[in-house]
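The structure displayed is predicted, hence computed values, not measured ones.
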Amino acid sequence: MTFRGSVMISLQALQATWNIILHSRGHNISRVTFMSAVSSQEKQVEVLEYPFHEQIAIVVPEALLEGHNYTLKIEYSANISSSYYGFYGTSYTDENNEKKDEQYTALSNMPKKSSVIMEDGLIQDEFSESVKMSTYLVAFIVGEMKNRSQDINGTLVSVYAVPEKIGQVYYALETTVKLLDFYQNYFELRYPLKKLDLVAIPDFEAGAMENWGLLTFREETLLYDSNTSSVADRKLVFKIIAHELSHQWFGNLVTMEWWNDLWLNEGFATFMEYFSLETIFKELSSYEDFLDARFKTMKKDSLNSSHPISSSSVQSSEQIEEMFDSLSYFKGASLLLMLKTYLSEDVFQNAVILYLRNHSYSSIQSDDLWESFNEVTNKTLDVKKMMKTWTLQKGFPLVTVQRKGKELLVQQERFFSNRKPEIQPSDASYLWHIPISYVTEGRNYSKNPSVSLLDKKSGVINLTEEVQWIKVNTNMNGYYIVHYADEDWEALIKQLKINPYVLSDKDRANLINNIFELAGLGKVPLQRAFNLIDYLGNETCTAPTTEALFQTGLIYDLLEKLGHMDLASRLVTRVFKLLRSQIQQQTWTDEGTPSVRELRSALLEFACTHSLENCTTAAMKLFSDWMASNGTQSLPTDVMTTVFKVGAKTERGWSFLLSKYISIGSEAEKNKILEALASSEDVRKLYWLMKSSLSGDTIRTQKLSFIIRTVGRHFPGYLLAWDFVKENWNKLVQKFHLGSYTIQSIVAGSTHLFSTKAHLSEVQAFFENQSEATFRLHCVQEALEVIQLNIQWMEKNLKTLTWWL
């Protein structure tokens, strides 16, 4: 299928030039005319194409003069795209398994102005002129959709979905209305358009996209089905809507000048999604997710292959796509959290309001943001100078602290995962301006935690009294890892055993994270990390428990993949002893607060994966009853994935789940089924899943990276996932583009558990044989570095583990 189009571009030359360069991909350009405002005579001109950079150059007949206006008209045709880029088509089947294309609706960024039936029976829709906006935010959609709407102070909010899923849009509508109200108040700026559409699209590569006035989503990130959506699904829908909605201000109203400052868009939107959730739906405990995101991001940022979030060299389309990684989103958000905590709520909000007001409908650089902050702090603190130390260098600091009587000695260096002598990082000169916060015994959290700024290599903080213990980086609001002197670690370990609750759950999770990361570095003996988590028998909160499961799970995965089964099961036994009483208290229900429910999911998942207690029996009983009811009996949503995974272990169970996957209409339930299908131990089934997702037949291609990641996590599939990626590399890159988030996810998901020199050479050789642009990708360099670190970790710790586990 092809389509035709034309575009008229008004230009003003800011300086004299012969060239006009535009981005273009996949267009057959049939005619280009050029006209200057002075002569008002159209001239046909020629076009040069440079596909490597996805650019075209217009060869103008005369030099463009400074300050003069010109008009360019381009006529073109193109194929409806077969990837997720450009104008692409997608089909879906309704409940009667009929492919659909009947009553069409057309949507664009602005409200519809008129609709006319043409002579050939086609309908021509015309939309109002847009506000001044960036071209990447333009969108249009044609398809069969239904909607539900609500007017909020003159803005019509509508949520669209395919007709049979219209019943799943109400949660999104209610959430959007609340968020729109919250943002307009917080930013003290009205949303500028008359309408706001949110559309659930059956096949969509990204999670969502913030096109101005026409937000597009995957079905799973917008639709909510109360019978099958878990608390995590509900949070996901809220977070993604909050993220895209905040972009209507950060990104759309105020846009970064070039993609090197992408973090200004994405970091802010990510920060606002957590901040708005905490404010509007405190009961969802979204701070746990933000904390977890910081842990994972710092793991990535500690690698040599990391990059500064504000990068100078972003030119090619691969480099632009690569900026869309977890650093731009989550490191950006973490730095804003650190800044807000340090400056106070009010100063932060006032600076944001000033920034949006001063730069509406224009493009900015990082400095413009910091200058707004400096205006509000009235230069009492040079925010620009402080924040540049975080945005212009990669990585983050390791702060080492030691108590000497009433003094706390602190020093900073770069936290660097790879300490092999041949990789001496050029980070000796790295210096950050670090807000050092701390709590000690007897100082409760309601009194402001003490904070001082460390902007030199080392410093001394005066404590008011001698204390038993000290915990630095309160609630982990700062983007850094803390290492203590031996006796200070021991004091914290002792305190956790006596009474963990003098520290917040964030602080406990933070200690678990830091000590395991430091053990990986060889700064702390691994045994001390395990001594610290010995207190977990008394832990009742989600964040510390899930972080302990994550850290010990990584060790388990490496041991298992290397075939050290005996050692791996001894590790599980040790962790199980700590969590046994918690696991025994769990019920197979959806009862409790959101946080309690998420903890239940994690604990029962752990118990069933390792066949502990009688977890598998209980899950199998629920699965058999569900299967006997032909999938109509409702299962508790928080344990659904675990139940499905146990059920998928049998031949009959797997086939039944697949048949349900094909026939049901809830994306939330389909994702849980898919995870279970991809956790099978039958290699043929895993191969079939990846193959059919790549072709997009039974399973949509948008799910492929999720399948590869899931297959790559488990023992029988982890070699298969990598083989599949190698074998289909060219198809994958065609479909998802080099450098895209999906490709990053596929490369990491298929290699991150390798820990032998043979695998390292194999992965390296494979990528060296591709183009140079491929080998240079951050995600490829990161994959190689992760394998090296896994090898080092094993060399360092295997003996110790064998000895004391």
Side-chain angles (χ1 to χ4, degrees), residues 285 288 291-292 295 439 441 445 468-469 471 475-476 484 488-519 524-557 559 567-589 591-616 618-619 638-639 642 800-801 803-805:
S285 308
E288 294 167 349
L291 190 62
D292 184 57
F295 293 151
V439 285
E441 56 163 338
Y445 285 80
Q468 292 294 307
W469 54 266
K471 156 73 177 66
N475 289 328
M476 206 199 153
Y484 301 87
D488 291 319
W489 271 122
E490 287 312 323
L492 284 164
I493 290 170
K494 186 176 153 194
Q495 182 53 52
L496 285 172
K497 286 201 175 76
I498 300 166
N499 174 11
Y501 296 103
V502 295
L503 289 163
S504 69
D505 58 338
K506 293 181 198 171
D507 274 333
R508 301 193 300 274
N510 183 205
L511 286 171
I512 294 170
N513 169 271
N514 283 190
I515 202 163
F516 273 95
E517 294 301 332
L518 288 160
V524 175
L526 188 60
Q527 196 167 352
R528 182 177 290 161
F530 277 91
N531 288 346
L532 183 129
I533 61 169
D534 272 343
Y535 89 93
L536 281 175
N538 295 321
E539 180 59 82
T540 55
C541 290
T542 305
T545 311
T546 50
E547 183 56 19
L549 283 171
F550 174 74
Q551 293 290 349
T552 52
L554 281 180
I555 300 171
Y556 174 87
D557 283 339
L559 290 171
L567 205 49
S569 66
R570 271 158 44 202
L571 173 66
V572 169
T573 307
R574 167 132 194 184
V575 177
F576 176 53
K577 269 189 195 140
L578 301 174
L579 299 176
R580 174 178 252 150
S581 69
Q582 281 216 61
I583 290 171
Q584 285 168 341
Q585 288 163 27
Q586 299 306 320
T587 55
W588 294 80
T589 63
E591 283 156 18
T593 64
S595 183
V596 163
R597 293 172 58 180
E598 289 203 270
L599 180 58
R600 174 185 301 131
S601 300
L603 289 171
L604 291 176
E605 161 86 1
F606 170 72
C608 279
T609 302
H610 302 295
S611 308
L612 304 165
E613 287 294 292
N614 46 9
C615 184
T616 334
D638 300 326
V639 296
T642 299
T800 340
L801 273 174
W803 170 66
W804 65 264
L805 254 186

Rounded distance [0.5 Å steps], [atom1] in [X] versus [atom2] in [Y]:
X: Arg580; Y: Thr573; atom1: CZ; atom2: OG1; result: 9.5 Å
X: Thr609; Y: Leu604; atom1: OG1; atom2: CG; result: 10.0 Å
X: Leu511; Y: Gln495; atom1: CG; atom2: CD; result: 11.0 Å
X: Asp505; Y: Glu547; atom1: CG; atom2: CD; result: 12.5 Å
X: Leu805; Y: Gln527; atom1: CG; atom2: CD; result: 9.0 Å
X: Lys494; Y: Leu496; atom1: NZ; atom2: CG; result: 12.5 Å

After noting the C-alpha distance and the side-chain angles of Leu526 and Thr800, does the key distance pass the side chain to side chain contact (heavy atoms under 4.5 Å, CB included) rule?
CA-CA 8 Å; Leu526 188 60; Thr800 340; 5.6 Å; no
Between Leu503 and Trp469, is the side chain to side chain contact (heavy atoms under 4.5 Å, CB included) condition met? List the steps.
CA-CA 11 Å; Leu503 289 163; Trp469 54 266; 3.7 Å; yes
Side chains of [X] and [Y]: does their closest heavy-atom pair fall under 4.5 Å?
X: Ile555; Y: Leu571; result: yes
X: Val572; Y: Leu612; result: yes
X: Phe606; Y: Val575; result: yes
X: Leu599; Y: Gln582; result: yes
X: Phe550; Y: Asn513; result: no
X: Leu559; Y: Leu567; result: yes
X: Trp489; Y: Asn531; result: no
X: Asn510; Y: Lys471; result: yes

Main-chain N/O of Thr589 paired to Arg600 side chain as donor or acceptor, under 3.5 Å
yes
Measure from the side-chain N and O atoms of Gln551 to the backbone N and O of Phe516, and report whether any donor-acceptor pair falls under 3.5 Å.
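Such a contact is absent between Gln551 side chain and Phe516 backbone.
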Residues, nucleotides or ligands: over 12 heavy atoms within 6.0 Å of Lys497 NZ
yes
Pair Glu598-Asp638, side chain to side chain contact (heavy atoms under 4.5 Å, CB included): steps then yes or no:
CA-CA 7 Å; Glu598 289 203 270; Asp638 300 326; over 6 Å; no
Nearest heavy-atom pair of [X] and [Y]: which atoms, and what distance?
X: Ile583; Y: Ala607; value: CG2-CB, 4.0 Å
X: Ala602; Y: Thr546; value: CB-CG2, 3.9 Å
X: Ala619; Y: Trp588; value: CB-CH2, 3.8 Å

Less than 3.5 Å apart, which donor and acceptor atoms pair up between the side chains of residues 536-544 and the rest of the protein, not counting sequence neighbours?
| residue | atom | partner | partner atom | Å |
| --- | --- | --- | --- | --- |
| Glu539 | OE1 | Arg508 | NE | 2.8 |
| Glu539 | OE1 | Tyr535 | OH | 2.5 |
| Glu539 | OE2 | Arg508 | NH2 | 2.9 |
| Glu539 | OE2 | Cys541 | N | 2.9 |
| Thr540 | OG1 | Tyr501 | OH | 2.9 |
| Thr542 | OG1 | Ser595 | O | 2.9 |
| Thr542 | OG1 | Ser595 | OG | 2.8 |

Given the rule in the side chain to side chain contact (heavy atoms under 4.5 Å, CB included) test, do Leu291 and Glu288 qualify, once you have shown the distances and angles that lead to the verdict?
CA-CA 5 Å; Leu291 190 62; Glu288 294 167 349; 5.7 Å; no
Hey, are Asp534 and Arg574 close enough for a salt bridge, meaning a charged N less than 4.0 Å from a carboxylate O?
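A salt bridge is present here (some side-chain N lies under 4.0 Å from a carboxylate O).
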